[in-house]
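Notes to accompany the following structure.
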Amino acid sequence: MNPIDQLIMERRSIKKFKPDAVDVEEIIELLNIAKWAPNHKVNEPWRFQLYAGAGKEKFVQAFLDSMKTPDGEIPQKALNKAQYFRDIPLHLVAIMPVDPRQRRFDEDYGALSSMLQNFQLAAWQRGIGMIWRSNDWIYNPVFRDAIGVEPGEKIVATMMMGYPAHVPEKQARTDIREKLEIIDQ
Ligand SMILES: Cc1cc2nc3c(=O)[nH]c(=O)nc-3n(C[C@H](O)[C@H](O)[C@H](O)COP(=O)(O)O)c2cc1C
């Protein structure tokens, strides 16, 4: 199998990471590769925040703030998740401008999603794993405010990254013939 086909098929979303640090410069390099995604108008509809080292606590605190109940309590489940996040080497937040024109919005979302998949693949090639998370809290105004996402911006993903401690089994995919209609007459 050619290496690109193999890379696409063998990349997995990673949830368990080794504690080993990932070099921030390598992530910058990978983002500089990933930006060559297809992008109508080449408007580069994205900005990123990379939480590393002591800076991760800002991300974790924003998450915890968004999890507070009306009486100011933080559920144990959220505290456990926060600890899990602290132990992950890097968190990347991908943010796009929200264009009120549906077509432009769709194009921007498509471009950033393509960019993020490039990023996942280029990182996997170098042994770096990640998971794209789009949990409810990225839509929570408390979380958005805490990390400085402006009105008119949308968090598209949080990418949690590190060297994989466990690579899960692939989940089956349907033969594309079942989802493909060929119209040739
Ligand atoms: C837009 C998007 C959002 C996702 N959000 C989550 C998420 O919130 N939590 C999660 O565990 N995985 C999330 N994933 C990762 C998928 O769960 C994962 O791709 C899927 O299970 C298939 O596994 P694979 O990537 O290893 O093939 C997301 C993926 C995409 C593309």
Side-chain angles (χ1 to χ4, degrees), residues 1-18 22 27 30-31 33-39 45-51 56 59-60 62-67 75 77-99 102 104-144 146-147 149 153-176 178-179:
M1 202 188 299
N2 86 52
I4 292 182
D5 297 356
Q6 195 171 354
L7 176 63
I8 291 169
M9 291 169 75
E10 290 185 356
R11 179 210 56 83
R12 295 276 74 82
S13 296
I14 298 301
K15 290 183 177 169
K16 290 187 182 157
F17 300 94
K18 292 181 182 165
V22 178
I27 298 301
L30 288 166
L31 290 169
I33 293 166
K35 74 185 178 190
W36 292 95
N39 172 201
W46 47 65
R47 72 179 181 95
F48 301 94
Q49 295 176 336
L50 183 60
Y51 293 89
K56 272 193 297 181
F59 177 91
V60 172
F63 163 72
L64 284 171
D65 288 349
S66 74
M67 288 290 134
K77 207 172 153 196
L79 292 170
N80 295 346
K81 194 145 228 182
Q83 193 49 48
Y84 166 71
F85 291 164
R86 277 186 193 103
D87 293 340
I88 295 176
L90 292 172
H91 297 275
L92 181 79
V93 182
I95 301 161
M96 72 173 229
V98 175
D99 195 307
Q102 182 73 56
R104 290 273 193 271
F105 180 97
D106 292 349
E107 288 175 346
D108 290 348
Y109 192 81
L112 179 47
S113 296
S114 305
M115 196 278 186
L116 290 172
Q117 179 62 356
N118 280 353
F119 178 62
Q120 294 204 87
L121 290 172
W124 189 258
Q125 177 67 27
R126 296 169 183 222
I128 299 168
M130 66 186 75
I131 185 157
W132 178 329
R133 284 190 180 272
S134 56
N135 302 92
D136 285 346
W137 39 272
I138 68 170
Y139 300 93
N140 186 317
V142 175
F143 179 77
R144 288 171 51 95
I147 66 165
V149 174
E153 289 187 312
K154 172 181 171 58
I155 302 174
V156 171
T158 54
M159 311 297 281
M160 305 196 172
M161 309 182 281
Y163 292 103
H166 170 72
V167 177
E169 286 294 311
K170 65 179 177 203
Q171 298 169 57
R173 304 298 209 262
T174 308
D175 189 310
I176 210 66
E178 292 180 31
K179 292 179 178 285

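Note that the numbering runs from 1 along the sequence shown for the chain. For ligands, and for the atoms within them, numbers begin at 1 and follow the listed sequence.
- Considering backbone and side-chain atoms alike, Tyr109 places every N or O at 3.5 Å or more from each N or O of ligand 1.
- Residue Phe85 holds its CZ atom at 11.0 Å from CG of Asn80, rounded to the nearest 0.5 Å.
- Contact of the Pro168 side chain with the Ile14 side chain is registered, since non-hydrogen atoms from C-beta on lie closer than 4.5 Å.
- In summary, the aromatic rings of Phe119 and Trp46 are positioned with their centroids too far apart to meet the 6.0 Å limit.
- Less than 4.0 angstrom separates some heavy atom of Ile131 from each of these atoms of ligand 1: 10 (C), 11 (O), 12 (N).
- The Arg11 neighbourhood of ligand 1 comprises atoms 24 (P), 25 (O), 27 (O), with distances under 4.0 Å to a heavy atom of that residue.
- Among Pro168, Ser113, Ser134, Gly129, the residue whose heavy atom lies nearest to atom 3 (C) of ligand 1 is Ser134.
- The number of heavy atoms from other shown groups lying within 6.0 Å of CG (Asp5) is above 12.
- The nearest heavy-atom contact from the protein to atom 15 (C) of ligand 1 is Trp132 O, 3.7 Å.
- Note: Arg144 CZ to Ile155 CD1 = 6.0 Å, rounded to the nearest 0.5 Å.
- At a distance under 4.0 Å, no protein heavy atom can be found next to atom 17 (O) of ligand 1.
- Interface of Arg12 with ligand 1, defined as ligand atoms under 4.0 Å from a residue heavy atom, comprises 24 (P), 26 (O), 27 (O).
- Contacts between Gln171 and ligand 1, counted as non-hydrogen atom pairs separated by less than 4.0 Å, involve the side chain only.
- Heavy-atom contacts from other residues, nucleotides or ligands closer than 6.0 Å to NZ of Lys16 number 12 or fewer.
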I would like to know whether Leu112 and Asp108 meet side chain to side chain contact (heavy atoms under 4.5 Å, CB included); could you show each step before the answer? CA-CA 6 Å; Leu112 179 47; Asp108 290 348; over 6 Å; no

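- Looking at every heavy atom in both residues, Val22 comes nearest to Leu90 through CB-CD1, 3.7 Å.
- Residue Ser13 approaches ligand 1 through these ligand atoms, each under 4.0 Å from one of its heavy atoms: 15 (C), 18 (C), 19 (O), 23 (O), 24 (P), 25 (O), 26 (O).
- Residue-ligand proximity, Lys15 to ligand 1, at heavy-atom distances under 4.0 Å covers atoms 11 (O).
- With rounding to the nearest 0.5 angstrom, the NZ atom of Lys170 is 13.0 Å from the CZ atom of Arg11.
- When heavy-atom distances to ligand 1 are checked against a 4.0 Å cut-off, Arg173 comes that close only through its side chain, counted from C-beta outward.
- Among protein heavy atoms, atom 9 (N) of ligand 1 sits closest to Arg133 NH1, 3.8 Å.
- Set against the non-hydrogen atoms of Asn135, the atoms of ligand 1 under 4.0 Å away are 8 (O).
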